[in-house]
Amino acid sequence: MDLYLAACVLLLLLIVPSEATRQHGGARRYMSTRPLDNQQCAYTFVVPQAEGGCPYQQDPAANDFTNDIQQLREQVSQQGKIISGMATSIRASKGVATAVQALENGKRVVEDRLTYLQMQMLKDEANRNAHRAEMATLEKTIMNQTLQYVQLYHMYQELMTAYNKVNSAMENQTATIEALMKTVGGLARDKEEVTRQLQRLKKSGRHGGDRHGARSTQNRQAQVASEAVVRIGDIEDIDDDVGSNVGRVTQPQQKPQPKPQPKLPKAKPRHCADIQRAGKTVSGVYRIYLPDHHDNPVPVFCDMDTDPGGWTVIQKRANGTVNFFRNWAAYKSGFGDPRGDFWLGLENMHLLTGRGGYKLQVSLQDWNGIVAYAEYNSFKVEDEASKYRLRLGKYHGNSGDALTWHNNMAFTTKDSDNDPFIGNCAGYQRGGWWYNACAHSNLNGIYYPGGYYSSRYQDAVYWAEWRGGSYSLKTVMMKVRPSGNQALT
């Protein structure tokens, strides 16, 4: 706009006539106040006079100025277009300059931001490298500790097996010694009785009358003496046996003897509570006989330590040595070791609890040694036709109730999707369970050592209401017991 005004002023200076020119009166002046292209500018055009005087001799008032006016109008129009173009160029140039200045300012801001982001990326990369190195060291430490734990656990199991063998041998030897002592006591009394009889015979022999009587008495004495010698010899043999047995018990055994099978009651035990009633109070692996399967005993781990004892363990996670991401057939029949990671089997669970009368206890332990439990006053697994549906009673405990949400749900595995979720929860959770779109608990997930873990899904061994779904527990155990005083059948 400033350049446009300057052009107007210059044009006025060129076309305004001087005072001398007006005095001579020889020049023709044409005045116009019409603005050029709508611009507010007044100007005067002066047409110089040709040499030799006026080209026309007639009176100026009578001359025809139409052509001159038309030429002037064309010139004015051209000048207006030029000025308008110059103004447009000026405005465009100023806008371009402003835009260029704004772009330069934005460029500087972007460059500063890019520099900051690059420095931040370098810093984050350095932090990630340090974190990865720390995580690698931590994972290596955890793996070493896990291996040591597994080794110690197996050593402990071997020691417990040897201890159980020695303890059972001592119990058997003690029972044998007691029986032998009773026998020895009875034979000692017999020995005293024989000695008294011999003394009586001797006395009666001294007072005998005739030879025949004496001979008869001697025969009887010889017979009684012979019997007494035999019985006394038996007593001495028994004494030797008792002494040798006592010596074997008191002296340490170099090699453990094979563990004898636990003595069972006359009626076959259906669960660990029956074994407890039979006098077995040490936790360990025993055999039970499920209903309608009396000829096929099932090995289970009996927890005799948790009050009141007699708990039959149906599921256990203790060391992560067994893979629980299995198919329907495996979960149906059962797998694992009753002394460690173990799954009794859905069919066995149904046979054990399908008729009702059982309660469930879930024992939990984290990696800091803190324990908790959840107990349900009734527990039943239905048959395969119902997909081994879960039936639970009321909850009480200190871990929070993370299983009632799964009540009345069918069992789901990676190859048998029976949950109400749109996908297969077993695939996300990496284990079979009674899922309900999907889980508040999953004790059959992946065993992650150390507690908190990183995974795309919640696929660990967790109890959400206690430590949350992002914490993998150290030890879990599901165990059942008769809810009443059920007698042996």
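When a residue number appears, it is its place in the shown sequence, counting from 1.
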Counting distance only, does the side-chain N/O of [X] pair as donor-acceptor with the main-chain N or O of [Y] below 3.5 Å?
X	Y	value
D341	G336	no
S416	T412	no
N319	T321	yes
S333	A329	yes
Q79	E74	no
T312	C272	yes
N418	A410	no
H440	A464	no
E382	H350	no
R355	P291	no

Is there side-chain contact between [X] and [Y], with heavy atoms separated by less than 4.5 Å?
X	Y	answer
Y373	N398	yes
N444	Q315	yes
W463	S399	yes
S472	I446	no
L360	L403	yes
Y376	T404	yes
K316	M478	no
V285	R339	yes

Go through the steps for D337 and V322 under the test side-chain contact (heavy atoms from CB on, under 4.5 Å), then give the verdict.
-> CA-CA 9 Å; D337 183 359; V322 176; 5.9 Å; no

Minimum heavy-atom distance between [X] and [Y], given as atom pair plus value:
X	Y	result
I370	W466	O-CH2, 3.4 Å
Y447	L473	CE1-O, 4.0 Å
P269	I275	CB-CG1, 3.7 Å
K268	Y289	CB-CD1, 3.6 Å
H271	L352	CB-CD1, 4.3 Å
K380	G354	CD-O, 3.1 Å

Given the side-chain rings of [X] and [Y], with only the six-membered ring counted for Trp, is the space between their centroids under 6.0 Å?
X	Y	result
Y471	Y453	no
Y452	Y448	no
W343	Y331	yes

Does a side chain donor of either [X] or [Y] reach within less than 3.5 Å of an acceptor in the other side chain?
X	Y	value
R391	N408	yes
S363	K479	yes
S386	D383	yes

Residues in ring-ring contact (aromatic ring centres under 6.0 Å, His included) contact with W328, at least two apart in sequence or another chain = Y388

Using atom types as modelled, flag every donor-acceptor pair under 3.5 Å from a side chain in residues 422-432 to any protein atom, sequence neighbours excluded.
{"residue": "N424", "atom": "OD1", "partner": "A426", "partner atom": "N", "Å": "3.0"}
{"residue": "N424", "atom": "ND2", "partner": "T413", "partner atom": "O", "Å": "3.3"}
{"residue": "N424", "atom": "ND2", "partner": "K414", "partner atom": "O", "Å": "3.3"}
{"residue": "Q429", "atom": "OE1", "partner": "Y462", "partner atom": "OH", "Å": "2.8"}
{"residue": "Q429", "atom": "NE2", "partner": "Q458", "partner atom": "O", "Å": "3.2"}

Should S441 and W405 be marked as a side-chain contact (heavy atoms from CB on, under 4.5 Å) after you check the CA-CA gap, both sets of side-chain angles, and the distance that decides it?
-> CA-CA 9 Å; S441 62; W405 197 65; over 6 Å; no

Go through the steps to decide whether M409 and N436 satisfy the test side-chain contact (heavy atoms from CB on, under 4.5 Å), and finish with yes or no.
-> CA-CA 7 Å; M409 292 295 107; N436 179 8; 3.6 Å; yes

Within 45° of the six-membered ring axis of Y358 and under 6.0 Å from that ring's centre, is NZ or CZ of R481 located there?
-> no

Tell me whether the guanidinium CZ or amine NZ of K359 lies under 6.0 angstrom from the six-membered ring centre of F379 and within 45° of its axis.
-> no

Inter-residue atom distance L351.CG - L346.CG, 0.5 Å rounding | 11.0 Å

Given salt bridge (Lys or Arg N to Asp or Glu O under 4.0 Å), test D366 with K474 step by step and report yes or no.
-> CA-CA 5 Å; D366 65 11; K474 181 179 181 180; over 6 Å; no

Give me the ring orientation class for F335 and F324: parallel if the planes are under 30° apart, tilted from 30 to 60°, perpendicular past 60°.
-> perpendicular

